[in-house]
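Structure provided below as structure tokens; questions to follow.
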There are 2 protein chains.
Amino acid sequence: MAAKTTSAIRVLEDACRAGGLPVTTQRREIYDVLVHRTDHPTADQIWDAARQRLPELSRTTVYRVLDTFVKLGVATRTPNVGAAVRFDPRTERHHHAMCRECECVIDVESPNLDRIRLPDGALIGFEFDDYSVHIRGLCAACQRRRSRRESATRKER
Amino acid sequence: MAAKTTSAIRVLEDACRAGGLPVTTQRREIYDVLVHRTDHPTADQIWDAARQRLPELSRTTVYRVLDTFVKLGVATRTPNVGAAVRFDPRTERHHHAMCRECECVIDVESPNLDRIRLPDGALIGFEFDDYSVHIRGLCAACQRRRSRRESATRKER
DNA sequence: TTGTATGCAAAAGGTTTGCAATGAT
DNA sequence: ATCATTGCAAACCTTTTGCATACAA
């Protein structure tokens with residue numbers, strides 16, 4: 001675990017050096033929070049978590065640091081349907097399942113989805129870089145919520 | 001053209017009746033704006049367009065009406081990486097190309113992408129409904145912008 | 001020492017809510 | 001007549017900006 005944290009931070013350090021940017025305490029903490037989460041947190045959620053260890057940390061810095069991460073290529077903004085931007089520490093090709101009720105996002109691993117053949121981007125004037133598959137559905141928690149609600153309704157009658 | 005507008009509006013009217021909701025002037029105008037656009041506009045862009053014909057229309061109403069459309073199933077919120085929610089009048093399976101520079105979104109038609117085999121949702125506790133493919137890349141306009149910038153840089157030297 | 005990052009305060013979007021008046025069926 | 005919708009104003013949440021100070025290299 002400790003070893004894993006160390007190697008994860010190294011990714012950030014290398015990226016900062018490559019970009020000629022200083023490795024600050026804030027960047028380290030924020031990256032550490034992000035890289036240990038798989039729930040595609042918003043800037044505010046990251047701020048809440050990082051403040052536990054860095055109480056002086058300002059929201060502004062979180063926004064700026066996340067922006068830097070995206071530019072450095074150590075994080076991505078994930079497509080989402082809500083009003084707050086979400087971030088993902090994974091930059092390789094992978095896929096997402098999104099709950100239609102609670103809007104939570106879960107990573108989907110699938111070698112099949114990784115090797116889809118895209119149409120020719122030139123047809124719509126695009127240069128295609130990469131893609132991901134977004135699956136909509138109902139997550140486990142919301143399925144439970146739904147059946148609880150249904151059995152409650154049945155009892156009422 | 002006129003015939004197309006009429007039949008498009010019928011989709012909304014049917015949906016409202018099915019949901020037991022009144023068909024208001026505002027809902028008609030907003031639907032008319034949305035259904036004739038393919039650029040996945042934000043609520044504000046829709047407001048700007050609809051106000052041309054309905055000057056009293058308030059922003060609040062646009063937000064509420066779009067929400068109703070999504071609940072009625074005549075529009076969807078499209079996944080996006082920016083700070084403003086975007087809407088799409090298409091509810092059938094289709095795919096999107098998104099520009100990494102300007103964040104514009106263009107529809108991608110492809111029978112191949114329409115028949116991807118998804119992994120088993122149960123593996124991550126999900127009930128999968130549907131999916132779409134999100135392609136990232138550089139749009140035609142941003143490609144031109146880029147080459148213009150490059151030739152300008154060359155002249156400077 | 002130098003250039004960049006940070007924190008604060010304030011502003012600028014974007015979205016939601018309460019309430020009285022209006023409109024659709 | 002009835003119930004839902006609309007517009008307004010205000011609140012709320014998210015993100016950005018300007019500026020003086022602090023920090024990493």
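Within every chain, numbering begins at 1; the chains are lettered A, B, ... in the order of the sequence lines, protein sequences first and strands thereafter. Computed from a prediction, not measured in an experiment: that's the story for all the values here.
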Practice task
State which residues pass side-chain hydrogen bond (donor to acceptor under 3.5 Å, both in side chains) with B:Arg145; sequence neighbours excluded, sorted by chain then number.
Solution key: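 Counting only residues at least two positions away or on another chain, B:Arg145 forms no side-chain hydrogen bond (donor to acceptor under 3.5 Å, both in side chains).
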Fill in the blank from the handout: Those residues at least two apart in sequence (or on a different chain) that pass side-chain hydrogen bond (donor to acceptor under 3.5 Å, both in side chains) with B:His134 are B:Ser132
Exercise for the section: Kindly write out the residues that satisfy salt bridge (charged side-chain N to carboxylate O under 4.0 Å, His left out) with B:Arg100, not counting sequence neighbours, or none if the list is empty. Expected result: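 Applying salt bridge (charged side-chain N to carboxylate O under 4.0 Å, His left out) to B:Arg100 gives A:Asp129.
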Completion exercise
One would report the end-axis bend of the helix from C:dT1-D:dA25 to C:dT25-D:dA1, five pairs per end and rounded to 10 degrees, as 50°
Handout entry: Residues clustering with B:Val133 (ILVMFWY side chains joined when closer than 4.5 Å, directly or via others)
Key =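 Once heavy-atom contacts under 4.5 Å are chained together, B:Val133 belongs with A:Ile106, A:Val108, A:Leu113, A:Ile116, A:Leu118, A:Ile124, A:Phe126, A:Phe128, A:Tyr131, A:Val133, A:Ile135, B:Ile106, B:Val108, B:Leu113, B:Ile116, B:Leu118, B:Ile124, B:Phe126, B:Phe128, B:Tyr131, B:Ile135.
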Problem - Set of residues satisfying side-chain hydrogen bond (donor to acceptor under 3.5 Å, both in side chains) with respect to B:Gln26, sequence neighbours excluded - result: none
Handout entry: Transitive ILVMFWY cluster of A:Leu138, excluding itself - 4.5 Å side-chain cut-off
Key = none
Problem - Listed partners of B:Tyr31 passing ring pair (Phe, Tyr, Trp, His ring centres under 6.0 Å), at least two apart - result: B:Phe69
Fill in the blank from the handout: Expected string for nucleotides 14-25 of chain C under the B/S/- scheme (protein heavy atoms, under 4.0 Å, primed atoms plus P, OP1, OP2 as sugar-phosphate) is SBBBB-----SS
Fill in the blank from the handout: Sorted by chain and residue number, the salt bridge (charged side-chain N to carboxylate O under 4.0 Å, His left out) partners of B:Arg64 (sequence neighbours excluded) come out as none
Exercise for the section: Extract, from 5' to 3' on DNA chain D, the first and final nucleotides lying under 4.0 angstrom from some heavy atom of chain A. Expected result: D:dT14 to D:dA25
Problem - By salt bridge (charged side-chain N to carboxylate O under 4.0 Å, His left out) - contacts of B:Asp114 (at least two apart) - result: none
Exercise for the section: For residues B:Glu101 and B:Glu103, determine if any side-chain heavy atom of one lies less than 4.5 Å from a side-chain heavy atom of the other. Expected result: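 No, their side chains stay 4.5 Å or more apart.
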